[in-house]
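In what follows, chains carry the letters A, B, and so on, assigned in the order in which the sequence lines appear, proteins first and then strands, with residues in each chain numbered from 1.
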Protein chains: 2
Amino acid sequence: MKTELQNYLQHYGIKPSVQRIAILEYLHTHATHPTAEEIYVALHPTMPTLSKTTVYNTLKLLARHGAILLLDIDGETAHFDGDIRPHAHFLCHQCRHIWDLPLAVAPEALLLDELELFQVDDIQLYYKGLCRACQQKID
Amino acid sequence: MKTELQNYLQHYGIKPSVQRIAILEYLHTHATHPTAEEIYVALHPTMPTLSKTTVYNTLKLLARHGAILLLDIDGETAHFDGDIRPHAHFLCHQCRHIWDLPLAVAPEALLLDELELFQVDDIQLYYKGLCRACQQKID
DNA sequence: GTACGTGCAAAGAATTTGCAGATAA
DNA sequence: TTATCTGCAAATTCTTTGCACGTAC
């Protein structure tokens, strides 16, 4: 139900709007780490007035408020993740798919003493290489 | 001496050229995680024929062969690191500086069982937030 | 009514591509 | 010579901005 997403947005200090709810709902139901473009293409058919600008604005807003994750793992395009629990990501250089990975160590263990000098808002752990399917294609 | 850099490049299967040596030397003497633009601006005065295309081509080539690191930590621009030993990075959202950080845990400890399904070429650990100087400015 | 949200078109920035000339084994 | 490297200009792609219109409390 929409009310849950409304509450979710308000909890992060974001005013709910039709567009914001739709974009958040898409991220909560698609664990595919979509790009802004992919979200736009997916939502546009059922929301013909939705603009790409609004998708970009909304994703930036959600990420800035900590309601979603922005992944810089792919040098070319920003990807977004509706799952904000601590976890790592794997990017296949060949097929460009991104996988979720549980953390091998507690997120706190990654923190260093030196980091006390910094105020850390965000930790990103990225693995890159070839997925099994792409390894076999190359053999 | 240039010969060292030549050997370094050849070790990574890269044909040495005047431009490639100059760019690699810049990275080995500047631990500032420069962008392609910064390297171009720094080298151009003493190498007036150097083109930005060559800087981009060379950095991409070096990174692909594992001779340098490409950092995607900053969503806007690629940064490069001549130090390829395992270490983490911190980005200050305010001043945009990047710091090197020793790893709190051995890089292998970050690896997960699930990762056996993948061929991992690259691990990146990014911390983002505010550096001490920028925290104080905001107070 | 006032502040905020949206969307269009245009601008901006980072990077890549096509291709011709230069260079090196 | 023959493949490779370089560099210019143009193209591409992702993202942001300026601004006018809509919308909601």
Side-chain angles (χ1 to χ4, degrees), chain A residues 2 5-6 9-10 12-24 26 33-65 67-68 70-80 91 93 96 98, chain B residues 2-3 5-7 9-10 12-24 26 33-65 67-68 70-80 91 93 96 98:
Chain A
K2 298 284 186 227
L5 296 168
Q6 278 186 25
L9 287 171
Q10 278 165 348
Y12 284 97
I14 297 169
K15 242 189 222 172
S17 75
V18 178
Q19 292 87 342
R20 289 169 180 179
I21 291 170
I23 290 167
L24 181 63
Y26 185 85
H33 315 93
T35 63
E37 175 78 21
E38 285 165 357
I39 295 170
Y40 172 76
V41 168
L43 297 182
H44 190 254
T46 50
M47 268 188 107
T49 70
L50 180 69
S51 74
K52 235 180 242 187
T53 304
T54 296
V55 176
Y56 275 106
N57 286 343
T58 300
L59 290 170
K60 199 178 176 181
L61 183 77
L62 293 172
R64 181 151 32 83
H65 286 248
I68 63 171
L70 187 164
L71 306 181
D72 282 331
I73 194 171
D74 173 353
E76 297 164 18
T77 313
H79 291 257
F80 297 89
L91 168 73
H93 280 129
R96 306 256 106 195
I98 297 171
Chain B
K2 299 284 187 230
T3 317
L5 295 168
Q6 278 185 26
N7 290 341
L9 287 171
Q10 279 164 348
Y12 284 97
I14 298 168
K15 242 191 223 174
S17 76
V18 177
Q19 292 87 343
R20 289 169 180 179
I21 291 170
I23 290 167
L24 181 63
Y26 184 85
H33 315 94
T35 63
E37 176 77 21
E38 284 164 357
I39 295 170
Y40 172 76
V41 168
L43 296 182
H44 191 254
T46 51
M47 267 186 108
T49 70
L50 180 68
S51 75
K52 232 179 247 186
T53 305
T54 297
V55 176
Y56 275 106
N57 286 342
T58 300
L59 291 169
K60 199 178 177 181
L61 182 76
L62 292 171
R64 181 151 31 84
H65 287 249
I68 64 172
L70 187 164
L71 307 180
D72 282 331
I73 194 171
D74 173 354
E76 297 164 17
T77 314
H79 291 257
F80 297 89
L91 169 73
H93 279 130
R96 306 255 105 197
I98 297 171

For A:Asn57 and D:dC19, give me the distance from atom CG to atom P, rounded to whole Å. 16 Å
Quick one: B:His44 NE2 to D:dT6 P, roughly how many Å, whole number? 15 Å
Is the shortest heavy-atom distance from the side chain of A:Leu9 to the side chain of A:Leu24 under 4.5 Å? yes
5'-most to 3'-most nt of DNA chain C touching chain B (<4.0 Å, heavy-atom partner on protein side) reads C:dA14 to C:dT17
Between OG1 of B:Thr77 and CG of B:Leu71, what distance do you get to the nearest 0.5 Å? 12.0 Å
With a 4.5 Å heavy-atom cut-off, do B:Leu70 and B:Phe80 have their side chains touching? yes
Once ring pair (Phe, Tyr, Trp, His ring centres under 6.0 Å) is applied, do any residues pair with B:His44, and if so which ones, sequence neighbours excluded? B:Tyr40
In whole angstrom, give the distance that lies between atom NZ of A:Lys60 and atom C1' of D:dT15. 8 Å
Counting only heavy atoms and a strict 4.0 angstrom limit, can you tell me which residues of residues 45-52 of chain B come near DNA chain D? B:Thr49, B:Leu50, B:Ser51
Angle between the two end axes of the helix from C:dG1-D:dC25 to C:dA25-D:dT1, five base pairs per end, rounded to 10 degrees? 30°
Residues in side-chain hydrogen bond (donor to acceptor under 3.5 Å, both in side chains) contact with A:Arg96, at least two apart in sequence or another chain: A:Asp74
Below 3.5 Å between N/O atoms, which protein atoms pair up with nucleotides 9-14 of chain D? Just atom names and distances, please.
{"from": "D:dA9", "atom 1": "N6", "to": "B:Thr53", "atom 2": "OG1", "distance (Å)": "3.4"}

Min side-chain heavy-atom separation B:Met47-B:Val18 under 4.5 Å: yes
Holding to side-chain hydrogen bond (donor to acceptor under 3.5 Å, both in side chains), I want the full list of residues that pass it with A:Lys52, two or more places apart in sequence or in another chain. A:Glu37
On a heavy-atom basis, which atom in B:Ile14 and which in B:Ala67 lie closest, and how many Å separate them? CD1-CB, 4.4 Å
Which pairs count as salt bridge (Lys or Arg N to Asp or Glu O under 4.0 Å) when at least one residue sits in residues 12-23 of chain A, sequence neighbours excluded? none
Show which side-chain atoms of residues 56-65 of chain A pair as donor or acceptor with protein atoms under 3.5 Å away, not counting sequence neighbours.
{"from": "A:Asn57", "atom 1": "ND2", "to": "A:Thr53", "atom 2": "O", "distance (Å)": "3.4"}
{"from": "A:Thr58", "atom 1": "OG1", "to": "A:Thr54", "atom 2": "O", "distance (Å)": "2.7"}
{"from": "A:His65", "atom 1": "ND1", "to": "A:Tyr12", "atom 2": "O", "distance (Å)": "2.9"}

Using the side-chain hydrogen bond (donor to acceptor under 3.5 Å, both in side chains) criterion, which residues pair with B:Gln10? Sequence neighbours excluded. none
Under 3.5 Å, side chain of A:His79 to main-chain N/O of A:His33, donor-acceptor pair present? yes
A:Ile39 CD1 to D:dT15 C1', in whole Å, measures 14 Å
Could you tell me how far apart A:Ile14 (CD1) and D:dA24 (P) are, to the nearest whole angstrom? 19 Å
A:Leu91 CG to A:Ile73 CD1 distance, which is reported to the nearest 0.5 Å: 5.0 Å
